[in-house]
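All values below come from the heavy atoms of this structure, side chains included, with hydrogens, waters and symmetry mates left out. Below, chain A is the first sequence line, B the second, and so on; all start at residue 1.
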Protein chains: 2
Amino acid sequence: MDATLRDRWLERAEQRLAGAGLRAGAARTAVVELLAREGQCLLSAQEVTDRLRPEGVGSAASVYRVLDELFELGLLHRLDGRDGIARYEIADPERHHHHIVDEHTGEVRPFTDERLEEAIAAVGERLGMRLTSHEVILRGVRGRSTTSDD
Amino acid sequence: MDATLRDRWLERAEQRLAGAGLRAGAARTAVVELLAREGQCLLSAQEVTDRLRPEGVGSAASVYRVLDELFELGLLHRLDGRDGIARYEIADPERHHHHIVDEHTGEVRPFTDERLEEAIAAVGERLGMRLTSHEVILRGVRGRSTTSDD
DNA sequence: TTATATGCAAAAGCTTTGCATGGGT
DNA sequence: ACCCATGCAAAGCTTTTGCATATAA
């Protein structure tokens with residue numbers, strides 16, 4: 001867990017939430033703090049709710065509402081999975097990653113790639129669009145493009 | 001509509017479906033033919049069902065089943081939208097595109113970019129993964145990265 | 001003839017919403 | 001005090017599944 005990232009996001013989140021005239025209730029506070037700690041990789045509403053249960057706060061409704069609020073404020077990235085479940089992770093302007101899924105294990109690994117980012121920016125330019133967000137999902141299996149295979 | 005693409009896909013689809021020991025019923029035939037014609041851009045199960053209604057075939061259940069079959073056989077790409085709806089489009093090995101969404105209008109435009117593809121292939125190499133599929137979604141607004149804004 | 005495809009209706013699963021209550025500011 | 005946040009339960013939606021029937025091979 002990246003503590004710098006956590007603190008930076010937490011501060012920005014609280015700023016922006018307050019700035020939007022929203023109030024800090026128990027559920028929202030718990031969700032935000034959980035995300036700051038454990039939301040650096042993808043988390044579903046269900047997972048958030050489950051991890052909050054021990055604390056005795058965070059109904060499904062509140063979790064969904066808070067997650068959506070944070071997303072709308074640009075504080076979270078959102079990915080809609082093949083399984084019909086939305087997953088969120090904290091959005092940090094200075095740090096940016098994408099995901100690669102192992103088709104065998106289902107494991108999701110984050111990665112960053114400068115060349116990929118440049119290519120994407122160039123596409124936006126070429127198409128005459130100012131990009132507000134983008135997402136890349138790679139799927140594959142272990143092992144390079146040799147002929148071996150599984 | 002690209003007739004070459006349509007015919008190539010149709011042929012490959014029928015081959016692969018037959019090869020999998022599946023039978024050609026009325027619903028599947030209708031779905032496959034519709035996709036060959038109009039499935040070059042994203043289409044939801046609902047949209048497929050609606051367009052098949054005049055023909056009097058294609059219940060929701062059958063459409064979902066056929067769509068999933070085709071996807072599992074690698075004949076369709078699948079994208080899970082923000083709205084919780086899955087959309088499909090025909091997969092052509094020789095042609096490959098991604099999508100850019102206009103945040104104002106919701107309009108989805110397909111695009112291709114060689115440099116982007118190369119960057120993605122390089123990432124797979126670097127991470128030691130043989131890529132089986134990948135998707136890129138860009139979101140933005142009209143106008144280049146000037147300071148104007150929307 | 002025999003296994004598969006189809007359609008209807010019911011069920012399942014994620015997410016949203018209505019409403020009364022509790023809690024920030 | 002005022003208004004927002006919360007939680008429960010019900011509703012909404014897309015997608016899946018069970019089952020009887022029709023149909024391809």
Side-chain angles (χ1 to χ4, degrees), chain A residues 13-35 42-73 75-89, chain B residues 13-35 42-73 75-89:
Chain A
E14 283 167 353
Q15 254 178 33
R16 203 171 293 196
L17 284 162
L22 301 174
R23 295 178 185 177
R28 198 193 77 185
T29 302
V31 170
V32 169
E33 288 179 352
L34 174 71
L35 287 171
L42 298 167
L43 231 46
S44 69
Q46 186 63 66
E47 288 166 334
V48 171
T49 307
D50 289 346
R51 298 188 195 197
L52 252 36
R53 198 182 316 287
E55 301 183 34
V57 287
S59 65
S62 291
V63 169
Y64 278 106
R65 273 188 287 240
V66 171
L67 252 20
D68 191 55
E69 266 174 14
L70 296 170
F71 174 65
E72 291 300 333
L73 288 170
L75 290 163
L76 294 180
H77 288 309
R78 173 183 170 166
L79 265 83
D80 297 275
R82 286 271 145 98
D83 52 7
I85 297 178
R87 274 168 246 271
Y88 299 84
E89 62 189 9
Chain B
E14 283 167 354
Q15 254 178 33
R16 203 172 292 195
L17 284 162
L22 302 174
R23 295 178 184 176
R28 197 193 79 186
T29 303
V31 170
V32 169
E33 287 179 351
L34 174 70
L35 287 171
L42 298 167
L43 231 47
S44 69
Q46 185 63 67
E47 288 167 334
V48 170
T49 307
D50 289 346
R51 298 189 196 197
L52 252 36
R53 199 181 316 287
E55 300 182 35
V57 288
S59 64
S62 291
V63 169
Y64 278 106
R65 274 188 287 240
V66 170
L67 251 20
D68 191 55
E69 265 173 15
L70 295 170
F71 174 65
E72 291 300 333
L73 288 170
L75 290 162
L76 293 179
H77 288 309
R78 172 182 170 166
L79 265 84
D80 297 276
R82 285 271 145 97
D83 53 6
I85 296 178
R87 275 167 244 272
Y88 299 84
E89 62 188 11

*Asks:* Within less than 4.0 Å of OP1 or OP2 of C/dA5, is there a side-chain N or O belonging to B/S62?
*Replies:* no

*Asks:* So what does the secondary structure string of DNA chain D come out as, 5' to 3', with Watson-Crick or wobble pairs under 3.5 angstrom, [ ] for crossing and | for pairs with another strand?
*Replies:* |||||||||||||||||||||||||

*Asks:* Closer than 3.5 angstrom, by distance alone: can the side chain of A/T29 be matched with the main-chain N or O of A/G25 as a donor-acceptor pair?
*Replies:* yes

*Asks:* Tell me: CD of B/E69 to C1' of D/dT15, nearest whole Å?
*Replies:* 15 Å

*Asks:* Counting primed atoms plus P, OP1 and OP2 as sugar-phosphate and everything else as base, spell out the protein contacts along nucleotides 20-25 of chain C at 4.0 Å heavy-atom distance: B, S or - for each nucleotide, 5' to 3'.
*Replies:* ---BBS

*Asks:* Taking CZ from A/R87 and C1' from C/dG13, how many angstroms apart are they, rounded to a whole number?
*Replies:* 13 Å

*Asks:* Within a strict 4.5 Å, meaning less than it, do heavy atoms of the B/V32 and B/L17 side chains meet?
*Replies:* yes

*Asks:* Which part of the nucleic acid does A/G21 contact within heavy-atom distance under 4.0 Å: base, sugar-phosphate only, or nothing?
*Replies:* nothing

*Asks:* Ignoring hydrogens and angles, tell me if any N or O in the side chain of A/T49 forms a donor-acceptor pair with the backbone of A/A45 under 3.5 Å.
*Replies:* yes

*Asks:* Treating B/E55 as the side-chain partner and B/L52 as the backbone partner, does any N or O pair qualify as donor plus acceptor under 3.5 Å?
*Replies:* no

*Asks:* Any donor and acceptor pair, going by atom type alone, linking the side chain of B/E47 with main-chain N or O of B/S44 inside 3.5 Å?
*Replies:* yes

*Asks:* Okay, side chain of A/R87, backbone of A/R78: is any donor-acceptor separation there less than 3.5 Å?
*Replies:* no

*Asks:* Looking at residues 79-86 of chain A, who's got a heavy atom less than 4.0 Å off DNA chain C?
*Replies:* A/G84, A/I85, A/A86

*Asks:* Check the phosphate of C/dT16 against A/Y64, side-chain N and O only, distance under 4.0 Å to OP1 or OP2. Yes or no?
*Replies:* no

*Asks:* Starting from P on C/dA5, measure out to CG on B/L67 and report it in whole angstrom.
*Replies:* 15 Å

*Asks:* Measuring from the side chain of B/R65 (C-beta onward, heavy atoms only), which nucleotide among D/dC19, C/dA9, D/dT6 has the closest atom?
*Replies:* D/dC19

*Asks:* Check whether any side-chain heavy atom of B/L35 lies under 4.5 Å from a side-chain heavy atom of B/L67, and answer yes or no.
*Replies:* yes

*Asks:* For A/D80 and A/A86, work out which heavy atoms get closest and say how close.
*Replies:* OD1-CB, 3.8 Å

*Asks:* Between A/T29 and B/Y88, which has a closest nucleotide on DNA chain D that is more 5'?
*Replies:* A/T29

*Asks:* Remember a base hit wins even if backbone is also touched, and classify A/A27 as base, sugar-phosphate or nothing at under 4.0 Å, heavy atoms.
*Replies:* sugar-phosphate

*Asks:* Atom CG of A/D68 to atom C1' of D/dA5: distance rounded to whole Å?
*Replies:* 15 Å

*Asks:* With the threshold set at 4.0 Å, does a side-chain nitrogen-carboxylate oxygen contact exist between A/R53 and A/D50?
*Replies:* yes

*Asks:* Between B/R23 and B/R28, which heavy-atom pair has the shortest distance, and what is it?
*Replies:* O-NH1, 2.9 Å

*Asks:* Tell me the interatomic distance from B/R78, atom CZ, to D/dT14, atom C1', rounded to whole angstroms.
*Replies:* 11 Å

*Asks:* Between atom CZ in B/F71 and atom C1' in D/dT15, what is the gap in whole Å?
*Replies:* 15 Å

*Asks:* Separation of B/E47 atom CD from D/dT15 atom C1', in whole Å?
*Replies:* 15 Å

*Asks:* Where the side chain of B/R16 meets the backbone of B/L73, is there a donor-acceptor pair that is under 3.5 Å apart?
*Replies:* yes

*Asks:* Contact between A/E69 and A/L22 at the side-chain level, heavy atoms closer than 4.5 Å - yes or no?
*Replies:* yes

